[in-house]
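Reading through the structure tokens given below for one structure.
Heads up: numbering here begins at 1 and tracks the sequence.
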Amino acid sequence: MYRYNICRSLRNVSRQTAYYSFNHGRASHSLSFSDIAVEEISGSRPAEVYNLVQGSWKGVSNWSTILDPLNGEPFIKVANVLQTEINPYVESLSKCPKYGLHNPLRSQERYVLFGDITAKAASFLAQPEVSHFFARLIQRVSPKSYKQALAEVQVSQKFLENFSGDQVRFLGSSFGVPGNHLGQQSHGFRWPYGPVAIITPFNFPLEIPLLQLMGALYMGNKPILKVDSKVSIVMEQMLRLLHQCGLNMEDVDFINSDGNTMNRILLEAKPRMTLFTGSSRVAEKLAGDLKGRIKLEDAGFDWKILGPDVQEVDYVAWVCDQDAYACSGQKCSAQSILFMHENWISSGLVSNLTLLAERRKLEDLTIGPVLTVTTESMLAHMNKLLEIPGSKLLFGGEPLENHNIPKIYGAIKPTAVFIPLEEILKDKNFELATTEIFGPFQILTEYKHDQLPMVLDACERMHAHLTAAVVSNDPIFLQEVLGRSVNGTTYAGIRARTTGAPQNHWFGPAGDPRGAGIGTPDAIKLVWSCHREIIYDIGPLPQQWQVPPST
């Protein structure tokens, strides 16, 4: 019965997707901000992505081609800026003063303006034909299920709702402290950096760049935005929507380029702050190149610990499957390793996980292309893990079948490898076992009741601390694990997950002073502004004041 209900639910989702495609396909032609028909983008009718600099959309002499992840057809042309063409972008960023385009003491009307822009944009995204347009556009370039793509649009829309009206000006709230004498008072302000840069990855083509872009703008900065070119068409369309809502075309520059060209722009334009979301390797290089003027939300080998109190097995299994394999595992918050207390082994959890993984199909994009790791690389990594004594393949471990996904992308079935905890902790195995594979791949292991310190030691030794989950309702167990771990976004309780970056709570790493957050007022203020203290000391002087002796 359980499996029948799952299959019936999937058929309902597929019908819903088909309904939207049929009934709203024509609506995408008539969206006022766009001239793209999502369903018609193809090799015979390729879409084009332009750059925005100094208030104008521009093409270039060099156009790169993006392949359709599902069939390999060249379906998008991107205006790819070369290193010889970067001067307009460097000049545009350099024109922005360090005190920003607005701040608490200058051009305050822009706080009000952005509240209005945000309200209009939220209203746009709430329209079914607009949300469907962006969900389908996301699916075309970063294939994931319709429900996952639509959730990204809905989170973005809710974020915009949250910062409508006066909420932007409230981000600039200051405080005052009485001074030592009459006329003296210190004020703390949230001050912009001025010229800034935003670099975001492919896996959330709308949510990550939009939320970080709006945060940068709210605080008074002028950003240059670079999104992975494979998916940059999504933000190009969102920028056009924002312009229709009143965003000044000179407030944001938008560029498509390779990594070397963007690195050159950063070195020459010298933005006061750069937000980077992506791989740890690139993050560390940028941190050196930019002399630390950077905020990072980099990769994460994210862990989940199942506590001793076994309950709600079907639900916990479903969450584990979603955490590991939704979006084909291409979330920086994806479940990378599952530590199972010995009590869970006899619960049927692993067999449930196997059934849930087997129901994922390419037809509804509940499993799909992996855009940064090839099939060969993922299977080679799996085979290395299987050489560890006691390890075994639990499920998956095979390429997807009957597809036209180009070989530059990966395509494997949801995969899980079991490795004994003692072997994971060995120095010769630890780095291999905790290497993040940005695809549908996870490690499972078991621990005995007296081995929790070994599990916590493993968590301590990991270098990235983004998300985590402690699945237990035992308050003593939760206290022990939470008190001895550091991950920045940690869910705790029987419903705990590792994935999920809604607009209502902080999402970001901890344990690194360069860590960047997203979504909340605290995240925006931390990433996109700095503290400035102004001490007013206007007098009057004490009566009969005289010059005192030198000190």
Salt bridge (charged side-chain N to carboxylate O under 4.0 Å, His left out) between R461 and D427, worked out: CA-CA 11 Å; R461 288 169 63 183; D427 290 341; 3.2 Å; yes
Worked check of side chain to side chain contact (heavy atoms under 4.5 Å, CB included) between T415 and M378: CA-CA 10 Å; T415 299; M378 287 186 282; over 6 Å; no
Verdict with reasoning, F507 to C332, per side chain to side chain contact (heavy atoms under 4.5 Å, CB included): CA-CA 11 Å; F507 182 87; C332 53; 4.1 Å; yes
Residue pair F477, H341: steps toward the ring-ring contact (aromatic ring centres under 6.0 Å, His included) verdict: CA-CA 12 Å; F477 183 83; H341 188 279; 7.4 Å; no
Verdict with supporting geometry, Y447 and I305, side chain to side chain contact (heavy atoms under 4.5 Å, CB included): CA-CA 10 Å; Y447 70 100; I305 299 173; 3.6 Å; yes
Evaluation steps, side-chain hydrogen bond (donor to acceptor under 3.5 Å, both in side chains), between D364 and S145: CA-CA 6 Å; D364 57 15; S145 70; over 6 Å; no
L394 and T354: CA distance, side-chain angles, deciding distance, side chain to side chain contact (heavy atoms under 4.5 Å, CB included) verdict: CA-CA 8 Å; L394 295 177; T354 304; 5.6 Å; no
Worked check of salt bridge (charged side-chain N to carboxylate O under 4.0 Å, His left out) between E422 and K426: CA-CA 7 Å; E422 296 86 348; K426 290 180 179 178; over 6 Å; no
Test log, rule salt bridge (charged side-chain N to carboxylate O under 4.0 Å, His left out), inputs D228 and K230: CA-CA 5 Å; D228 188 316; K230 293 190 291 291; 3.0 Å; yes
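Proximity of a side-chain donor or acceptor of E446 to a complementary backbone N or O of M340 within less than 3.5 Å is not detected. Looking only at distances, no side-chain donor or acceptor of N473 sits under 3.5 Å from a matching main-chain atom of G493. A donor-acceptor pair is defined here as one N or O able to donate and one able to accept, closer than 3.5 Å; no such pair exists between the side chain of S333 and the backbone of T467. With hydrogens and angles disregarded, no donor-acceptor distance shorter than 3.5 Å links the side chain of D309 to the backbone of S472. For Q148 (side chain) and C327 (main-chain N/O), no donor-acceptor pair under 3.5 Å exists by modelled atom type. A donor-acceptor pair is defined here as one N or O able to donate and one able to accept, closer than 3.5 Å; no such pair exists between the side chain of Q442 and the backbone of V417. Checking side-chain atoms of N429 against main-chain N and O of E423 turns up a donor-acceptor pair under 3.5 Å. No donor-acceptor distance shorter than 3.5 angstrom exists from the side chain of E297 to the backbone of I518, with no hydrogens or angles considered. When atom types are taken as modelled, the side chain of R190 and the backbone of S529 share a donor-acceptor pair closer than 3.5 angstrom. Side-chain atoms of R140 come within 3.5 Å of backbone atoms of V38 as a donor-acceptor pair (strictly under, hydrogens ignored).
Considering CD1 of I437 and CD of Q330, their distance stands at 12.0 Å, rounded to 0.5 Å. In this structure, the separation between CD1 on I233 and CG on L137 is 5.0 Å, given to the nearest 0.5 Å. In this structure, CZ on R293 lies 11.5 Å from OH on Y193, to the nearest 0.5 angstrom. Separating the CD atom in Q154 from the CG atom in L206 is a distance of 11.5 Å, to the nearest 0.5 Å. Taking CG from L478 and OG1 from T490, the interatomic distance works out to 11.5 Å, rounded to the nearest 0.5 Å. With rounding to the nearest 0.5 angstrom, the CH2 atom of W528 is 13.5 Å from the OH atom of Y218.
When side chains are defined from C-beta on, I337 does not count as touching K304, because their heavy atoms never get closer than 4.5 Å. Using a 4.5 Å heavy-atom threshold, the side chains of S64 and K77 count as separate. Side-chain contact between T65 and I76 is absent, with no heavy-atom pair separated by less than 4.5 Å. Annotation: side chain of Y409 is not in contact with side chain of T372 (no heavy-atom distance under 4.5 Å). Side-chain contact between N256 and V49 is present, with heavy atoms from C-beta onward closer than 4.5 Å. In this structure the side chain of I412 never reaches within 4.5 angstrom of the side chain of V370, judged on heavy atoms. Taking the side chain as every heavy atom from C-beta outward, P205 and E152 approach each other to under 4.5 Å. When side chains are defined from C-beta on, L306 does not count as touching V470, because their heavy atoms never get closer than 4.5 Å.
Shortest non-hydrogen contact noted between V313 and W344 is CG2-CZ3, 4.1 Å. Pairing each heavy atom of N487 with each of A510, the nearest pair is C-CB, 4.1 Å. The two residues A433 and I443 have their closest heavy-atom pair at O-CG1, 3.8 Å. Looking at every heavy atom in both residues, C320 comes nearest to Q335 through CA-OE1, 3.6 Å. Here the shortest heavy-atom pairing between T366 and K361 reads OG1-N, 2.8 Å. Taking every heavy atom of both residues into account, T520 and W506 meet most closely at CG2-N, 3.3 Å.
With sequence neighbours left out, H403 forms a side-chain hydrogen bond (donor to acceptor under 3.5 Å, both in side chains) with no residue at all.
R360 forms no cation-pi arrangement with Y325, by the criterion of a distance under 6.0 Å to the ring centre and an angle within 45° of the ring axis. A cation-pi arrangement is found for K144 relative to F204, the charged atom lying closer than 6.0 Å to the ring centre and inside a 45° cone about the ring normal.
Residues D323 and T499 have side chains that bring a donor and an acceptor to within less than 3.5 angstrom of each other. Using modelled atom types and a 3.5 Å distance limit, the side chains of Q157 and Q503 yield no donor-acceptor pair. When only modelled atom types and interatomic distance are considered, N80 and D258 share no side-chain donor-acceptor pair under 3.5 Å. With no hydrogens or angles considered, no side-chain donor-acceptor pair links D302 and S336 at under 3.5 Å.
Within a 6.0 Å radius of NE2 in H449, other residues, nucleotides and ligands contribute 12 heavy atoms or fewer. For CD of E312, the number of neighbouring non-hydrogen atoms (other residues, nucleotides, ligands) closer than 6.0 Å is 12 at most. Atom CD of E342 sits in a crowded spot, with more than 12 heavy atoms from other residues, nucleotides or ligands closer than 6.0 Å. Around CZ of R495, the count of heavy atoms belonging to other residues, nucleotides or ligands within 6.0 Å does not exceed 12.
Applying side chain to side chain contact (heavy atoms under 4.5 Å, CB included) to I199 and the options I224, L286, L275 leaves one that passes, L286.
Classification of the F202-F438 ring pair by plane angle, with boundaries at 30° and 60°, yields perpendicular.
Sorted by first then second residue, the side-chain hydrogen bond (donor to acceptor under 3.5 Å, both in side chains) pairs that include residues 375-395, not counting sequence neighbours, are T374-S377.
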